[in-house]
Peer 1: 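What follows is a single structure, and I will ask about it in a moment.
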Amino acid sequence: MKFQVAVLMILAAAGGWSQARVRPIKFAARGTHGAVAGGSESSTEAGMRMYYSGGNAVDAGIATMLAASVAEFSHIGLGGEAPILVRTKDGKVHAIAGVGTMPGLGTADFYRKHTLTPLEIVDRPGPNGLKDWVPVAGILSTLVPGMVDAALVTLKEYGTKSFAEAVQPAIELADGFPIDEMREEALAGSEPYLAQWPASKRVFLPNGTYPKAGEILRQPDLARTLRNMADVEKKALAAGVTRAKAMDAVRDYFYRGDIARRIDAFSKANGGLLRYEDMAAFHVEPEDAVSTTFHGYTVYKPGFWSQGPSMIEALNILEGFNITGMQMNSAEYIHTLVEALKLAYADRDTYYGDPKFNHIPMETLLSKEYGAERRKLIGENASLEFRPGKIGDHPPQHPSLSQIARYKMDPALKAKDTTCVDAIDQDGVAISITPSGGWMPAYIAGDTGIPLTQRAQSFLLIPGHPNELGPGKRPRVTLSPTIVVGPGKNLLTLSTPGGDQQDQALLQVLFNAVEFGLNAQAAVEHPRFQSEHLVESFDNHEMKPGSLLLDERIPAAVAAELNRRGHLVEIRPRTDSGSAPVLIRFYPNGAIEAGADPFYYRFAQAW
């Protein structure tokens with residue numbers, strides 16, 4: 001007995017054992033017709049209504065997203081953005097870059113000279129961030145709304161329902177619904193901002209204060225906007241045009257008609273840069289997703305206007321390691337994944353930006369050969385340096401080499417100002433979306449009821465950087481939906497809120513499912529880590545070299561070993577993991593299984 005105890009103590013000290021699998025808090029949702037997962041029950045119920053009335057996974061996903069733009073106003077608004085991946089019945093995967101562009105009047109020089117006001121800062125700037133940065137709230141952080149066009153293009157190309165059918169649950173929610181505790185908390189924290197913005201105050205502080213959990217929130221201006229959009233389609237169909245042309249009419253109404261003119265007038269009256277011409281020029285088209293293979297699975301991500309390719313690079317680096325042999329969440333496992341992610345994120349922060357304005361070395365960054373070279377940099381101890389690869393003769397500089405402004409402050413909790421939507425149906429049609437923008441504190445564009453995005457803050461103001469702010473450009477976003485196709489009919493979709501943590505969390509959830517065999521619910525509930533060794537994509541783009549946050553359920557011996565290796569370890573509660581993923585899996589036997597992180601109140605339903 002003494003010998004056995006001694007062996008266990010040695011194993012624990014080395015961080016070499018895996019955690020015992022625990023019973024999930026709830027069971028996975030399972031069905032054979034279709035499943036949907038997202039950020040609230042109201043949203044996923046909208047998606048299920050599409051299934052029950054004969055729709056496919058794309059219909060379910062778009063309806064869920066539109067409902068979320070109303071019910072999950074804390075995290076997403078109609079004026080936000082929505083990167084989307086779609087797998088069609090024929091097995092092809094398409095990306096829709098639903099990210100708006102910087103207004104034509106927006107220049108980096110304008111923002112470098114702009115003095116930030118208290119209503120343009122939400123969290124205090126981090127102690128090790130960039131000197132110059134874009135407002136994070138208010139009218140100057142806005143872009144052209146991207147989500148609406150993404151929804152219409154996706155529904156038109158790959159769905160079966162009309163826009164009016166898909167938006168009907170959202171209209172009903174805008175007419176009034178009882179809010180939950182999460183929404184109450186978001187309103188409470190945003191009240192000082194909302195009180196200063198008349199349209200926002202009218203909606204969210206209707207009687208001088210915010211509604212409490214269980215009280216009804218009504219958004220009549222937004223309901224009218226959504227009804228008008230649906231009516232445009234109905235009138236076009238009644239006139240005899242095709243389904244596609246009717247949806248184009250909705251798009252023209254929003255981007256070239258009454259809504260665009262109202263947003264233009266509001267922006268001009270309130271010192272904004274967004275104009276009618278910016279709205280009219282915006283349009284998204286389906287494009288190819290980027291991908292790699294890993295242990296028989298093909299992993300698809302959006303392009304270099306997102307952080308999605310960082311997961312591709314991380315997988316290529318990790319392909320040379322025996323992942324399952326390390327044991328899940330052992331010290332060796334976490335260390336290896338973290339070091340691979342540091343390398344991938346260093347490349348993200350150096351090379352990524354809008355491909356329409358930059359020559360990005362895409363082929364190199366996505367290649368197995370480059371991953372193998374980067375793999376050689378991983379050692380036994382944690383690296384505290386930012387180490388982008390040198391590609392070409394004159395690669396961009398990593399932002400850590402720019403001017404840094406240092407502040408003294410207490411750490412602030414990171415907000416999860418994004419939601420997630422995933423759906424798979426019985427035909428293998430799948431959709432993965434990461435909707436975001438227009439979150440709290442929401443700046444509503446007058447009587448349209450539309451909260452405008454704050455995503456301009458994801459630009460950098462570093463001269464010559466690929467992600468430098470510029471007119472007509474898209475910022476490099478953190479939003480990163482995922483579709484994975486495996487042997488046979490194995491199919492997975494997964495997405496999460498969490499900003500810079502998204503691809504870290506999704507990588508772990510993916511490995512939990514396909515490497516370690518956890519079901520969809522167990523995979524998203526399992527303890528995760530998050531590395532802060534990156535350039536944050538928000539606020540003043542803070543950098544925390546070596547910072548590693550661990551879920552409280554990870555054994556103390558593992559944390560101690562990681563600390564010994566040089567990681568700067570902090571322990572966080574399971575309710576503050578930095579992400580809140582959902583996962584849906586379609587098995588070869590026809591079963592569809594959905595899981596949703598219970599620690600941040602995600603929901604999954606199946607039929």
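Everything numeric in this text was worked out from a predicted model, so none of it was measured.
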Peer 1: Any side-chain donor paired with an acceptor under 3.5 Å for Ser432 and Thr493?
Peer 2: no
Peer 1: Could you check whether any side-chain N or O of His465 sits under 3.5 Å from a backbone N or O of Tyr351, counting only pairs where one atom can act as donor and the other as acceptor?
Peer 2: no
Peer 1: Might you work through the side chain to side chain contact (heavy atoms under 4.5 Å, CB included) test for Val134 and Leu140, ending with a clear yes or no?
Peer 2: CA-CA 8 Å; Val134 177; Leu140 289 180; over 6 Å; no
Peer 1: Would you call Arg602 and Asp597 a salt bridge, taking side-chain N to carboxylate O under 4.0 Å as the test?
Peer 2: no
Peer 1: Is it true that a side-chain atom of Asn467 and a backbone atom of Ser458 form a donor plus acceptor pair closer than 3.5 Å?
Peer 2: yes
Peer 1: Angle between ring planes, Trp197 versus Tyr193, binned at 30° and 60°: parallel, tilted or perpendicular?
Peer 2: tilted
Peer 1: Any side-chain heavy atom of Leu549 within less than 4.5 Å of one from Arg572?
Peer 2: yes
Peer 1: Quick one: do Arg227 and Asp175 make a salt bridge, cutoff under 4.0 Å?
Peer 2: yes
Peer 1: Would you say that more than 12 heavy atoms from the other residues, nucleotides or ligands in this model lie under 6.0 Å from the CD of Glu185, or not?
Peer 2: no
Peer 1: Is a side-chain N or O of Asp252 found less than 3.5 angstrom from the main chain of Arg256, in a donor-acceptor match?
Peer 2: no
Peer 1: Are Arg183 and Ser74 linked by a side-chain donor-acceptor pair shorter than 3.5 Å?
Peer 2: yes
Peer 1: Taking atom CZ as the centre, does Phe177 end up with more than 12 heavy-atom neighbours from other residues, nucleotides or ligands that are less than 6.0 angstrom away?
Peer 2: yes
Peer 1: Is it true that Glu313 and Lys301 make a salt bridge, defined as a side-chain N closer than 4.0 Å to a carboxylate O?
Peer 2: no
Peer 1: State, with a plain yes or no, whether a side-chain heavy atom of Glu468 is found less than 4.5 Å away from one of Ile462.
Peer 2: no
Peer 1: Walk me through it: do Glu172 and Arg49 pass the test salt bridge (Lys or Arg N to Asp or Glu O under 4.0 Å)?
Peer 2: CA-CA 13 Å; Glu172 295 169 13; Arg49 285 168 61 173; 3.0 Å; yes
Peer 1: Can you name the residues that form a side-chain hydrogen bond (donor to acceptor under 3.5 Å, both in side chains) with Ser306, not counting sequence neighbours?
Peer 2: none
Peer 1: Side chains of Arg275 and Ser267: does their closest heavy-atom pair fall under 4.5 Å?
Peer 2: yes
Peer 1: Any side-chain donor paired with an acceptor under 3.5 Å for Ser577 and Arg528?
Peer 2: yes
Peer 1: Hey, what's the ring geometry for His94 with Tyr158, parallel, tilted or perpendicular (30° and 60° as the breaks)?
Peer 2: parallel
Peer 1: May I ask you to test the Val70-Leu222 pair for a side-chain heavy-atom distance under 4.5 Å?
Peer 2: yes
Peer 1: Are the aromatic rings of Tyr276 and Tyr255 close, with centres under 6.0 Å apart?
Peer 2: no
Peer 1: Pairing donors with acceptors under 3.5 angstrom, does anything connect the side chains of Thr496 and Gln502?
Peer 2: no
Peer 1: Between Arg224 and Asp447, is there a donor-acceptor pair closer than 3.5 Å when you use the side chain of the first and the backbone of the second?
Peer 2: yes
Peer 1: Looking only at side-chain N and O atoms, does Ser480 offer a donor or acceptor that is under 3.5 Å from a partner on Gln307?
Peer 2: no
Peer 1: One pair to check against side chain to side chain contact (heavy atoms under 4.5 Å, CB included): Val167 and Met229. What are the steps and the verdict?
Peer 2: CA-CA 9 Å; Val167 81; Met229 293 169 68; over 6 Å; no
Peer 1: Do Gln454 and Ser141 meet the criterion of a side-chain donor-acceptor pair at a distance under 3.5 Å?
Peer 2: no
Peer 1: When you measure from the side chain of Thr142 to the backbone N and O of Gly138, does any donor-acceptor pair fall under 3.5 Å?
Peer 2: no
Peer 1: Looking at Tyr210 versus Phe204, is the centre-to-centre ring distance below 6.0 Å?
Peer 2: no
Peer 1: Do you know which two heavy atoms are closest between Pro286 and Glu157, and how far apart they sit?
Peer 2: CG-CG, 4.4 Å
Peer 1: Are any side-chain N or O atoms of Gln508 and backbone N or O atoms of Gln504, one a donor and one an acceptor, separated by less than 3.5 Å?
Peer 2: yes
Peer 1: If we only count heavy atoms from C-beta on, is the Ser531 to Val338 side-chain gap below 4.5 Å?
Peer 2: yes
Peer 1: If only atom types and distance count, is the side chain of Thr434 paired as donor or acceptor with the main-chain N or O of Pro83 below 3.5 Å?
Peer 2: no
